[in-house]
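The structure under discussion appears below in the form of structure tokens.
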Number of protein chains: 2
Amino acid sequence: MARLPLYLRALTSLAERDVTTVSSEELAETAGVNSAKLRKDLSYLGSYGTRGVGYEVEFLRHQISREIGLTQDWAVVIVGIGNLGHALANYGGFASRGFRIAALIDADPQRTGEEVAGLKVRHGDELEKVVTELNIAIGVIATPARAAQSVCDRLVAAGITSILNFAPAVVQVPEGVDLRKVDLSTELQILAYHEQRKNGSALALTAEQAVELAKAVRG
Amino acid sequence: MARLPLYLRALTSLAERDVTTVSSEELAETAGVNSAKLRKDLSYLGSYGTRGVGYEVEFLRHQISREIGLTQDWAVVIVGIGNLGHALANYGGFASRGFRIAALIDADPQRTGEEVAGLKVRHGDELEKVVTELNIAIGVIATPARAAQSVCDRLVAAGITSILNFAPAVVQVPEGVDLRKVDLSTELQILAYHEQRKNGSALALTAEQAVELAKAVRG
DNA sequence: GGGTGTGAAGCTATTCACAGCA
DNA sequence: TGCTGTGAATAGCTTCACACCC
């Protein structure tokens, strides 16, 4: 369930404020969701709450961590060490959540050997070797769009079944491989779509439409 | 509709290959969705296809661009010029889609004045001024988690109603403000969740569960 | 024939509302 | 009494299947 990480974060934030017990209502508010939805989600994990009281923050946090698989350590390879690859390699939020950046790969021989975030960048040819030797579980694609599919194919061929794609390209994977994508300009486009609707609804009408609307409003 | 950017990208990729006409089946395949879904989505924009023929690539591309609002130019401010802010500022995919990075802001006085992606980084105090003067439509939060809510509040107060949050924090916005979030470690956590299920399904059973399972299988 | 546009069916996710337990 | 856990109701989304048009 895609909301578990959200609940986990909300619980962490509560734990930092030394809250020990929380109701579904409060936790839902913190996480920004409906309380019935939260209770239903949590009930799939088991009955971890106490009626009349709520949930114990630390206990629930541990249960969710275990459910997600954060109690083990996942080795990640980042392919494509451009601007974004750099940022991802240096992003501090991974280590604390059980993700370990184990290798960095770039096709550009100029970059090979360069040190980024304490790791030497390795050449594209070594991809398969790196995946096997370091027991990589998750591949991150941060290459330009044109390279994404072939990098993805090679990751899959090397045995990786979980891939996070940042390249702005449609990438196909075989059955059994999980592909998630994060697309920066898609997100902006969705915002722009709504923004346009907010500001432009009246202004964007053609003269004809305005007349029609005026008629309709008058009844 | 959140899939329009996906279709737009598929159409662009087809246009680059000089395809002029495409069926819903082909376009759906390119975009990685079901063809019935694609036809239904497109039908909301209007009847832009021709029965027995398909859709004209350039025409449809223009219609979708217009629908999303990509025919106008959107000024974007990035707040927080760390690793990620840098990467976003330098990301080439925005300009070509009608998004113009108009300003960069960082709270650290050390960074103020530094030039990133051809723009001078401005100090946090100037946020409201920058938003008003440059007619900013979209705010991007790339700060650490602890600063996210206050940056968001200030963006909203300055009149921005579309915000993209990269900080790993739950951020609340008032009614009428669109907030989208991109969370890198959440994405990895979702992958880890599935990965765990794939590899560990049998191994992760306790002895008792294994016995139960064996019984159930035998009927 | 070929392929869009769309009602209808099916499915999944969300919300309601309350029984049941601390 | 207060709050969880959950059946039932609802809403939203996806897919099917075919009428209709080029």
Side-chain angles (χ1 to χ4, degrees), chain A residues 1-8 10-11 14 19-64 67-68 170 172 175 178-181 186 190 193-194 197, chain B residues 1-8 10-11 14 19-64 67 170 175 178-181 186 190 193-194 197:
Chain A
M1 192 66 72
R3 282 184 299 267
L4 291 182
L6 189 67
Y7 301 156
L8 192 56
L11 286 166
L14 289 169
V19 179
T20 57
T21 298
V22 69
S23 70
S24 64
E25 197 74 44
E26 292 169 284
L27 182 53
E29 161 116 34
T30 311
V33 301
N34 176 299
S35 71
K37 178 153 60 178
L38 180 132
R39 287 201 301 278
K40 185 141 279 187
D41 287 346
L42 294 185
S43 77
Y44 285 106
L45 312 186
S47 278
Y48 295 143
T50 310
R51 290 166 199 237
V53 180
Y55 301 91
E56 215 207 308
V57 173
E58 270 310 325
F59 179 68
L60 186 55
R61 196 149 79 106
H62 180 258
Q63 294 303 329
I64 293 179
E67 183 74 13
I68 297 179
V170 179
Q172 316 271 358
E175 185 92 3
D178 267 296
L179 174 75
R180 296 191 61 85
K181 58 183 194 305
T186 293
I190 295 170
Y193 174 83
H194 291 120
R197 237 125 272 262
Chain B
M1 190 70 71
R3 282 185 298 267
L4 291 182
L6 188 68
Y7 301 155
L8 192 57
L11 285 167
L14 289 169
V19 178
T20 57
T21 298
V22 68
S23 71
S24 64
E25 198 74 45
E26 293 168 284
L27 182 53
E29 161 115 36
T30 312
V33 302
N34 176 298
S35 71
K37 178 152 60 177
L38 180 132
R39 286 201 302 279
K40 185 141 280 189
D41 286 347
L42 293 185
S43 76
Y44 283 107
L45 312 187
S47 278
Y48 294 144
T50 311
R51 290 166 198 236
V53 180
Y55 301 90
E56 214 206 308
V57 172
E58 271 309 325
F59 179 69
L60 185 55
R61 196 149 80 106
H62 180 259
Q63 293 303 329
I64 293 178
E67 183 74 14
V170 179
E175 186 90 3
D178 267 296
L179 174 74
R180 295 192 61 86
K181 58 182 193 306
T186 292
I190 295 170
Y193 174 83
H194 291 120
R197 237 126 271 263

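Note on naming: letters A, B, ... go to the chains in the order of the sequence lines (proteins, then strands), and numbering restarts at 1 for each one.
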Residue closer to the 5' end of DNA chain C, A/Thr50 versus A/Arg39 (nearest nucleotide) | A/Arg39
Nearest-angstrom distance from the residue atom CG of A/Asn34 to P of C/dC16 = 6 Å
Return the value, rounded to whole Å, for the distance between atom CE of B/Met1 and atom C1' of D/dG12.
-> 11 Å
The residue, A/Val53 or A/Ala36, whose nearest nucleotide of DNA chain D is more 5′ is A/Val53
Could you tell me the separation between the OH atom of B/Tyr48 and the C1' atom of C/dT4, rounded to a whole number of Å?
-> 15 Å
Between P of D/dG5 and CG of A/Leu45, the distance in whole Å | 10 Å
Rounded interatomic separation in angstrom, taking OH from A/Tyr55 and P from D/dC3 | 12 Å
Crowded around A/Glu67 CD? As in, over 12 foreign heavy atoms under 6.0 Å?
-> yes
Starting at atom CG of B/Leu60, determine the distance to atom P of C/dG3, rounded to an integer number of angstrom.
-> 16 Å
Start at the 5' end of DNA chain C and walk down; is the nucleotide closest to A/Arg3 or to A/Gly52 reached first?
-> A/Arg3
Has the side chain of A/Gln172 got a donor or acceptor atom that lies under 3.5 Å from a matching backbone atom of B/Glu29?
-> yes
Could you state the atom-to-atom distance from CG of B/Leu38 to P of D/dT15 in whole Å?
-> 12 Å
If you look at every heavy atom in B/Arg39 and B/Tyr55, which pair is closest and at what distance?
-> CG-OH, 3.9 Å
For the side chain of A/Lys40, starting at C-beta, report the closest nucleotide among C/dG7, D/dG5, D/dG7.
-> D/dG7
Side-chain N or O of B/Ser23 closer than 4.0 Å to phosphate OP1/OP2 of C/dG3 | no
Atom NZ of B/Lys37 and atom P of C/dT6 are separated, to the nearest Å, by 19 Å
Answer yes or no: does a side-chain N or O of B/Tyr44 lie under 4.0 Å from OP1 or OP2 of D/dC13?
-> no
Rounding to 0.5 Å, atoms NE2 (A/His194) and CG (B/Asp178) come to a distance of 5.5 Å
In Å, rounded to the nearest 0.5 Å, how long is the span from CG of B/Leu4 to OH of A/Tyr193?
-> 6.5 Å
Against the side chain of A/Ser43, the closest entry in D/dG5, C/dT6, C/dC16 is D/dG5
